[in-house]
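Data block below; observations after.
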Amino acid sequence: MTAPVLAIRDLAVEFKTDTGVTPALSGVSFDVPRGQVTAIVGESGSGKSVTANCVMRLVQPPGRITGGSIRFAPDAGDAFDVVKLADRDPRLYDLRGGHISMVFQEPMTALSPVHDIGGQVAEAILCHRDIGKEAARAEAAQMLERVGLDDMERRMGMYPFEFSGGMRQRVVIAMALVCHPEVLICDEPTTALDVTIQAEILTLIRSLQHELGNSVIFITHDLGVVAQIADHVVVMYQGRVLEIGTVRQVLKQPLHPYTRGLLQAIPGVVPPGERLATIASVVGDADIETPHPLVALADGRQVSLPPAQLRRVARS
Amino acid sequence: MLRASAPGLERKVPDMDKPTDRGGPPADDADGLSAGPVENAEPRRGIARLLRATLARGRLLCAAIARIRLPYAVRRMLGMIPTLAFISIIIFVVIQLPPGDIVTSTLDRLQASGVEVSEEQVQNLRAQYNLDKHPALQYLHWIGGFVVGDMGYSYMFARPVNELIWERLGYTLLITISAMLFTWAVAVPLGIYSAVRQYSITDYTLTAIALVGLATPPFLLALVFLYVGFEVFGIPIGGLFSPEYREAPWSMERLGDLLTHLWIPMVVVGLGSTAVTMRILRANLLDELKKPYVVTARAKGVRPARLVLKYPFRIAINPFISTLGLQLPALVSGEAIVSIVLNLPTTGKMLLDALLAQDMYLAGSVVMLLAILILLGLLLSDLMLAWIDPRIRYE
Amino acid sequence: MSDATAAPPPARGEALLATVTPRQLAWRRFKRHRLALVSAVVLGVLYLLALFCELVAPYSPQTRNVAAINAPPMGIRFFHTDGFHLRPFVYGYDMRVNPDTWMREYTPNVGKRYPLRFFASGDEHTLWNLLPSTRHLFVAEGGYIHLFGTDQLGRDVFSRILYGARVSLSIGVAGVVLTFVLGILFGGVAGYLGGITDRAVQWFIAVLLALPTLPLWMALSAALPVSWSPLAVYFGVTVILSLLGWPYLARQVRGRFLALRQEDFVIAGRLLGAGRMRVILRHMLPNFMSHTITAATLAVPFMILGETALSFLGIGLRPPVVSWGVLMQQAQNWQVIVMTPWLLLPGLFVIIAVTAFNLLGDGLRDAADPYNTGGLE
Ligand SMILES: Nc1ncnc2c1ncn2[C@@H]1O[C@H](COP(=O)(O)OP(=O)(O)O)[C@@H](O)[C@H]1O
Ligand SMILES: [Mg+2]
């Protein structure tokens, strides 16, 4: 097995707000294996987006990375720590959009309203490669076709407000993939879309990943989506990682009470007619608020549990 | 007024979804234009039938016209016509409002200097100036001439208004436009800098200067310039030319002399707008920099300088351009009062005198021309908006 | 990979759960705006001075001191030749006419020491035209005191600025009240009736906003008959200022009106079965008022600057009325300014008052609407 493309260790992020300093992440550690899909799941506010932004160094004041490391190992060249890059380091700009790129939740607002989409996709190329404007537009058109847009002659010159949400998301995906990045981060790319479109976009991401062989970090709060798309799962809660494992391990045999709660709150898992469980009712009086260290188990998975439960889990 | 923070001015304008929000009436908006000729059956009387038929035909015509997609610019220009007509009425009424007229004020002057005027002469004067006619006729006489480029005769200067105005309007334009360019040249870079370096010392300093600039009446600033000019440089500032060039024919030297004098009125008139514009641009840019598409661009690897200039600036500039149109009235007003203080050969002082003497043709024409100037500016800013923002063009 | 991390427990919630009313919230946000708070205090002081100008000013606005014509400002001192004095004092002037320039030149004379007396007797005045008195906040015993110098007639600039504050500051408020009435009337009618009325009012507003304000003001002011009494002129100028000022406000009122009707909380209130009056009084009115008050605060400078400009041109208020604009009319040409620059001091007060109103308006807006980052309606 090759080295992970990203190795995140002890990542900590704080936000300064009017009411004081809010820790958004504390001690987040996980690996992103090369060429596979890693899903990050967790409820809203658990720190998924902040983690993704850290990888791209997009955390903006009032937020600040206060500690930890993100080791990025490109296919070619030396590995380096993204956290330690200076703001003006050229490697940072190579990284953004070149090695790692991102698809955002809101296709409606993620595109500039006053530039045509051809130009916006081409710009992603021009930021990283020294080719002419025309060549960049031609490549952009190819990529746009690949994500399922047709009639490129006309479409290239159109503006985002002339597209539907699903089409915009395809444009954003094309923009992210046009430089063939090694890692694609998708931050809830389907949350804002209709259900049918959601499925199309998921299929698109998955098939493109097969074709291009890049790694994917897929952020979602929908475990159904995780089952469809992911190889590995990272469960987050309140800025911490609770559980890491393969998709089979985590979905079939969740170790953490919170993960169990998440699973039982999915519609469709419970027989029709019965009430859905709330996370709180499944978790019961198990304490999930107190942080515990992540511990690796024999089968390769990691979990953060109180020592007593940990021993019980390790024995079984 | 002038440079007051007219409650809207110094703040950012919301996305100008409709370019026709101000300035002229929406050209493509007139109700009924698009409605088809829906006719009821059985008109009862002849006249009514005729009326309806005419109306229906009119509607058909309007509908046909509305279907022709005139270029945006042409539509906007057509929309200016009713606005101008309305403005001309306002101006006429306002100027005719004072009791008395040019004849009474001339008589006062004559009698004060001991000249006896007979009743017959007064009647003659009145007739000569059309003052014995109905006000509506007077208005038509004035505006009719204005439309064909004859602005009438100034009683006060005893010269045709056209001559008087062309002498001065050029300088008014020169000062107003250079003040606007000054506003752009200064406010845009400073506004961007302020936004990008929010909460830096420079940001605070610029904000403080802008606040004071906003609160300083232009004439006070002009006075301060006069004072500083004399105390520091030992020269009386004022006018657009040094004495030796005042009456001289045009030459390179005279042009150079004009330029050395021009910067003071330019700065004085433009400072308020500069402050306003800077603050608008800063607020807009700050709003815009938070938007997701900026994050997207950053995630693409766009470098910071380009990030600000290519993306948010393009959008932040919209409301900025539209307020620029709104600032024109302020610039024109500022110019009017500053020219009085700085003794500039523009329309300001002449307007004041004409108003006091109730020299209708002169005063009315000056105000009318200034209003046209502003409307043209608004039109230009709308066209610029449409050019820069595809959402408007395609509407 | 068994990297163990012991993160501190996330400190969340608790304190945030205390309930606060919208008003408390607004006040909290307002307090965060330091400059707005300072501005409120500055304005408070200015209005108090204007209210009690008869008491605070050492002289009446028309009192002439022939011994000090065009005299420069005097400094308040505590150190005399014999050392520190707790009671502040000023030095009187020696005047001589410069034989070359024929101008008066003043030098402080250490021999003429005039100590300040507080709440002592001086010029007669009638506070608010009701209470005759001779008391003043301070007078210079045995001599004269001109903190901001004197004008061509030997009148005390400091006193005149205080009297001018009463006129200029009140005309700002009076103008805004009138603007308010017009703005709410037109804006409200447009917003309420909608349709063709709304279009017409919108169009009218657009036209008015495009007019060159000052030339029209000039035209209107020139229409004020010379024979009018000062009070009538005062109201005339107020009306003139409002006539061109209301479109800004009307546009905002209309916008608020339309937006409010669509607001979720208004609809929610209605769906919950709240009565029509209750929806209007409890939900719409407070929200509406906070915005309009903000807009009004930001409109006061417009009025103050308008009055100043018109009076400066000699077509607004006229002497013997004292306003900041009238005072600055004395400083119209550069000879006067170079000789007596302190005649520009009223301008400083204009700047202070206008800036304070602008800042206060900014603070109020932020307090009323936390999501608005400085944008205009
Ligand atoms: N701009 C911000 N200001 C203050 N706190 C923030 C900000 N962005 C994120 N946070 C904090 O980070 C936490 C995680 O946010 P996020 O990563 O966006 O959650 P999600 O898992 O839904 O993507 C939030 O609960 C919040 O406390
Ligand atoms: Mg998120």
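Residue numbering restarts at 1 for every chain, and letters A, B, ... go by the order of the sequence lines. In this text the structure is predicted, and so the values were computed from the model without any measurement.
Heavy-atom distances place the side chain of A:Q60, and not its backbone, under 4.5 Å from chain B. Residue A:L111 touches chain B through its backbone alone, counting heavy-atom pairs closer than 4.5 Å. Both the backbone and the side chain of A:Y93 come within contact range of chain B, with heavy atoms under 4.5 Å apart.
Using a cut-off of 4.0 Å between Lys/Arg side-chain N and Asp/Glu carboxylate O, A:R137 and A:D116 are scored as salt-bridged. Salt bridge annotation for B:R306-A:E123: present, with a cationic side-chain nitrogen under 4.0 angstrom from a carboxylate oxygen.
Between the B:T296 side chain and the A:A110 main chain, a donor and an acceptor come within less than 3.5 Å of each other.
Side-chain contact check for A:D187 and A:S49: at least one donor-acceptor pair (N or O, by modelled atom type) lies under 3.5 Å.
Counting heavy-atom pairs under 4.5 Å between each of A:M175, A:R57, A:M56, A:E106 and chain B puts A:M175 at the top.
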